[in-house]
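Just below is one structure, and these are the notes that go with it.
Keep in mind the model is a prediction, meaning the values are calculated, not measured.
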Amino acid sequence: MKKFLSVVLALAMIACVVAGFAGCSKSGKDDTQASSTSQQDTTAKTVADLDKVKDANKIVVGITDYEPIDYKVKGSNEWIGFDADLVRAVADKMGINVEFVVINWDNKFIELNSGTIDCIWNGMTVSDSVKTNCDISDAYAGNSQVVVMKKDALSKYKDKDAIKAADLTIAVEKGSAGETEAKKLSNNVVSLSAQSDALKEVKSGTADACIIDSTMANSMTKEGTDFANLGYSISLTTEEYAAGFRKGSDLTPEVNRILGELKKDGTMDKLSEKYGVNLVK
């Protein structure tokens, strides 16, 4: 009987050892799988937009009507401007075409992440919000937010405090950097679909002022334009422009590489001079 018990105990111990090794082996396999999965997850973060645009033979660019960045001259259906010409130069280097799509600026990240557009390239101000919602190219142009009003009112409002004290009605583009600044200065902010609409509100007198990009203000309020009676004397911010791509998009490094070439060969200098847009040094 004792001998029989000894045999049973011995067999039980062997079974436990075997089970232990099996457990270790299973654990090791799981660790390997976890490591493999982790590596796959890392790889999956890269979005293959470069192949997508090359297969389609075009890059779809989200824009708004924004002179001198992206706009049309009267009687033409062709988009021109600093950014329009710049993205064409980039696309030429990639051997593809450009399709411009007018978007609601407030929905730009929705349009980008849904795949409706491949990038946002429309004088987009670099901000924490932009960095959170998309990958960005290297900054290529400088800008500021300015307070535009009728020229005969400029002497009444010489600084931000004067504007804040008057609680002016300020028109802005919804979702823009100008909207952010306007809410710091007034309780009466009118948010519209485009910066050009904000200018119209000031011209018609339905808004006291608008806050828009200095690049647009310089272009749209010069002599001979529809808004020549408007001007600005107050700059609120110093900013930079960049193009936006989906998070992890392999278009971002490719576009940065090409932007470097266009800066080196003088293309960007020519566009700067043509459209009056300041480049990032």
Side-chain angles (χ1 to χ4, degrees), residues 45-73 76 78-101 103 108 112 117-128 130-145 177 213-219 222 235 237-281:
K45 290 179 182 178
T46 300
V47 179
D49 283 332
L50 187 55
D51 285 341
K52 176 178 179 285
V53 299
K54 287 188 175 181
D55 288 344
N57 194 35
K58 67 179 179 181
I59 183 169
V60 182
V61 183
I63 62 169
T64 65
D65 189 348
Y66 169 13
E67 187 176 347
I69 300 300
D70 292 301
Y71 67 103
K72 294 178 180 179
V73 296
S76 173
E78 182 183 11
W79 288 98
I80 61 171
F82 183 89
D83 278 12
D85 290 5
L86 181 57
V87 72
R88 280 197 190 93
V90 170
D92 284 346
K93 291 270 190 180
M94 295 169 64
I96 60 176
N97 300 311
V98 180
E99 179 182 338
F100 296 101
V101 175
I103 61 173
K108 56 188 175 291
L112 180 66
I117 59 176
D118 298 310
C119 69
I120 305 164
W121 206 320
N122 188 70
M124 183 169 66
T125 298
V126 177
S127 66
D128 289 341
V130 166
K131 292 177 181 178
T132 297
N133 285 283
C134 66
D135 282 352
I136 59 171
S137 70
D138 293 335
Y140 57 84
N143 180 55
S144 61
Q145 295 299 310
D213 290 21
S214 60
T215 50
M216 172 175 264
N218 291 332
S219 176
K222 61 188 177 185
S235 294
T237 63
T238 300
E239 305 167 352
E240 293 180 336
Y241 285 162
F245 305 90
R246 278 180 279 276
K247 283 286 187 181
S249 175
D250 56 1
L251 274 174
T252 311
E254 177 66 3
V255 167
N256 283 338
R257 181 186 68 79
I258 296 173
L259 286 176
E261 292 180 359
L262 296 175
K263 190 171 185 177
K264 188 174 181 179
D265 69 15
T267 298
M268 292 180 71
D269 286 325
K270 291 176 182 176
L271 293 178
S272 172
E273 183 176 349
K274 180 178 181 179
Y275 292 108
V277 174
N278 296 321
L279 299 179
V280 170
K281 301 299 183 182

Under the salt bridge (Lys or Arg N to Asp or Glu O under 4.0 Å) test, which residues partner D250, sequence neighbours left out? none
Which heavy-atom pair separates D213 from G123 by the least distance, and what is that distance? OD2-O, 3.9 Å
Residues two or more places apart in sequence or in another chain: which of them pass side chain to side chain contact (heavy atoms under 4.5 Å, CB included) with E239? T125, N143, Q145, A177, T237
Starting at CD of E254, measure out to CG of L259 and round the result to the nearest 0.5 Å. 10.0 Å
Any residue meeting salt bridge (Lys or Arg N to Asp or Glu O under 4.0 Å) with K93, in chain and number order, not counting sequence neighbours: E261
Cut-off 3.5 Å, no hydrogens considered: what does the side-chain donor-acceptor table look like for residues 52-64, sequence neighbours left out?
residue : atom : partner : partner atom : Å
K52     : NZ   : D118    : OD1          : 2.6
K58     : NZ   : E99     : OE1          : 2.5
T64     : OG1  : N122    : ND2          : 2.8

What residues form a side chain to side chain donor-acceptor pair (under 3.5 Å) with D265, not counting sequence neighbours? T267
So which heavy atom on P253 is nearest to which on S249, and how close? CD-O, 3.6 Å
Compare every heavy atom of K108 with every heavy atom of I103, then report the nearest pair and how far apart it is. CD1-CB, 3.8 Å
Residues 270-279 vs side-chain hydrogen bond (donor to acceptor under 3.5 Å, both in side chains), sequence neighbours excluded, gives D85-Y275
Would you please name every residue forming a side chain to side chain donor-acceptor pair (under 3.5 Å) with T215, sequence neighbours left out? Y66, Y241
Who are the side chain to side chain donor-acceptor pair (under 3.5 Å) partners of Y140, not counting sequence neighbours? D83, W121
Going by heavy atoms in the side chains, are F100 and V87 under 4.5 Å from each other? yes
Apply side chain to side chain contact (heavy atoms under 4.5 Å, CB included) to L251 and C119, showing your working. CA-CA 9 Å; L251 274 174; C119 69; 5.6 Å; no
Listed by chain and number, what are the side chain to side chain contact (heavy atoms under 4.5 Å, CB included) partners of K263, not counting sequence neighbours? M268
Are more than 12 heavy atoms, taken from residues, nucleotides or ligands other than D128, located less than 6.0 Å from that residue's CG atom? no
For D65, all residues meeting side chain to side chain contact (heavy atoms under 4.5 Å, CB included), sequence neighbours excluded: Y71, W79
Please find the pair of heavy atoms, one from C134 and one from L112, that lie closest to each other, and give the distance. CB-CD2, 3.7 Å
Mind checking side chain to side chain contact (heavy atoms under 4.5 Å, CB included) for S76 and listing every partner two or more places apart, or none if nothing turns up? V73, E78
Under 3.5 Å: donor-acceptor pair, side chain of S144, backbone of S214: no
Under the side chain to side chain donor-acceptor pair (under 3.5 Å) test, which residues partner D135, sequence neighbours left out? none
Please test V277 against I69 for side chain to side chain contact (heavy atoms under 4.5 Å, CB included), starting from the C-alpha separation and ending with a verdict. CA-CA 9 Å; V277 174; I69 300 300; 4.1 Å; yes
Rounded distance [0.5 Å steps], CZ in R257 versus CG in L262: 10.0 Å
Shortest non-hydrogen pair, V126 vs A242, comes out as CG2-CB, 3.6 Å
